[in-house]
Amino acid sequence: MMKSAEEYRESLRALKPRIYLGGSLIESVADEPRFEPGINATGITYDFALVDDLKSTMTTSGLDGKPTNRFLAINRSRADLQDKLEAVRLTCKVAGCAQRYLTHDAFNALFEATWLINETYGGENHARLLDYIQYAQTNDLSIGIAMTDGKGDRSKRPSEQDQPDSYVHVIERRSDGIVISGVKAIITGGPYMHELLVMPCRRMDKHEKDFAVACAVPIDAAGITIVSRPAGRPGNPAAKFSAKFAQAVAVAHFDNVFVPYDRVFIDGETEEAHLMTTNYATHHRHSCIGARAGFGDLLIGAGAMMAQANGLDYLKVPHLREKMVELIKITEGFYACGIASSTMGVHDAAGNFRPDQIYANIGKLLLANQIYDMHRLAHDVSGGLVVALPGPEEDHNPVTSAILSDVLRGHPDVPYEHRANVSRFIEDLTASETGGWYSVISLHGGGSPEAMKLEILRNYDIEARSDLVQALFDRGALEMGKGIKVDRQPGRCCAKGCQGDGLVSGKDT
Ligand SMILES: Cc1cc2nc3c(=O)[nH]c(=O)nc-3n(C[C@H](O)[C@H](O)[C@H](O)COP(=O)(O)OP(=O)(O)OC[C@H]3O[C@@H](n4cnc5c(N)ncnc54)[C@H](O)[C@@H]3O)c2cc1C
């Protein structure tokens, strides 16, 4: 049954996770003010799914045919992908980061991988996953994605680390389940999730079977310690957005955590685990596009309001008009990649619908770099007040408040209080600790830019483009009517390609 945000918050009380925040053990996650913005932001995904007008975007059919949250569903069509993208934008333009689409991305990535495992080796992995997805849908769960390992020394492989717990791995296989240990370094919303989905974050070699593990654990499973940061800037009256909506990120240390087999989806199947990792990256980068488009909506709106509060009509002042268009171009530019990625998506072997990899990666790469341009444009349009405005305590200072509200007014029809609110809102989103958070999540969330470049090169058919040019040469189309000439590059002398002198053709070179 689908929960409301309040029911979601209440459901957290049944759990007893071991969570440290600011050096202390947390008694009750649901009542912890420093997690409040995170519970609010995640709660948006619950409440929006109950709003009649939003149901077609925010819900779909679950495995049992009953309505379920879009973020817990398996994609079956282009329309599903497009709706998911919309749902991410819809929730993130209110919540900043709504977390739960990560679960969608993980379920969809595991769907094909577990199906292939069972096609290749037999077994029950896919059936176990389906049972788990059904359990998540029935109970409308929030599930943290524990993928990014601590990684240790980046120049070494998981199996070569001095500290074996740098990566989560299987340390024992029993008749009824596995035991895992290790660290997952960055988990959005970790403390206020019901469960964690553990998945490998990179390709594992054949001898690294113990590291190729995907499984689900309750957040309060014995042996899990979570060390978290607060969600946003709770309790800070200057934090006009992130005192209400934000996400905590947390480290989770797994110390001899037992996982029964019915929650183990991948255990040692290195090839399929790698497929899962790349599929997750594609689904998640597609989601990141929707999330940051929501952030763009907030900046565009706030930028326009700030210009007006400053007394300027951004439609009439040429350079402000140009900057607003730039902000729109950036936001809708990478969002268009999300739409293209949905439209050009394909059914995978298991029947799940997957976003097009090229457009998902290009869209994420665009936003990873352009988030900094978005901040710059918002700063440019707004002015220095976004970091210079006296703090909210001055709003109630009997000595200064009346003067400040008089002399710091811009447009005569816009009250100072409004200008101050918009200014603090922009500061919060772009120039505060929260602003930095949005930069770094845009850059690294879903993988660092280099990972996207590799995926683009891996999937883009450059050879087909070379063939196109070669075909033009072969037809004499570029000879300006002077006849056909034999004009081939080494390695492209025939359809098969030569193999001599170290020159080889083919995609794998
Ligand atoms: C706010 C936020 C929320 C996140 N939420 C989640 C979440 O919910 N779940 C989750 O699993 N992850 C999450 N992530 C993690 C995210 O996926 C990672 O940050 C990302 O994959 C990069 O990994 P890293 O941070 O370990 O950086 P690194 O991998 O250390 O990368 C740092 C730099 O080193 C380079 N580099 C790294 N290794 C090598 C190498 N061997 N050779 C050459 N260059 C290398 C990278 O290209 C990059 O330039 C989140 C991240 C952020 C910032």
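For reference, positions follow the sequence shown, starting with 1. First listed ligand is number 1; within each ligand, the first listed atom is number 1.
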Any pair with a residue in residues 3-22 that passes ring-ring contact (aromatic ring centres under 6.0 Å, His included), sequence neighbours left out, goes on the list, sorted by first then second residue, please.
-> Tyr8-Tyr46, Tyr8-His194
Quick one, list the residues around ligand 1 where some non-hydrogen atom comes in under 4.0 Å, by chain and residue number.
-> Leu102, Ile145, Met147, Thr148, Lys151, Arg154, Ile186, Ile187, Thr188, Val249, Trp437, Val440, Ile441, His444, Gly446, Gly447, Ser448, Glu450
Between Tyr135 and Arg263, is there a cation-pi geometry (under 6.0 Å to ring centre, at most 45° from the normal)?
-> yes
For Asp83, which residues count as a salt bridge (charged side-chain N to carboxylate O under 4.0 Å, His left out) partner, sequence neighbours excluded?
-> Arg70
Please work out which of the three classes, parallel, tilted or perpendicular, describes the rings of His284 and Tyr280, given edges at 30° and 60°.
-> parallel
Set of ring pair (Phe, Tyr, Trp, His ring centres under 6.0 Å) partners for Tyr167, sequence neighbours left out | none
Establish, for the pair Arg292 and Phe334, whether the NZ or CZ atom is under 6.0 angstrom from the six-membered ring centre and no further than 45 degrees off its axis.
-> no
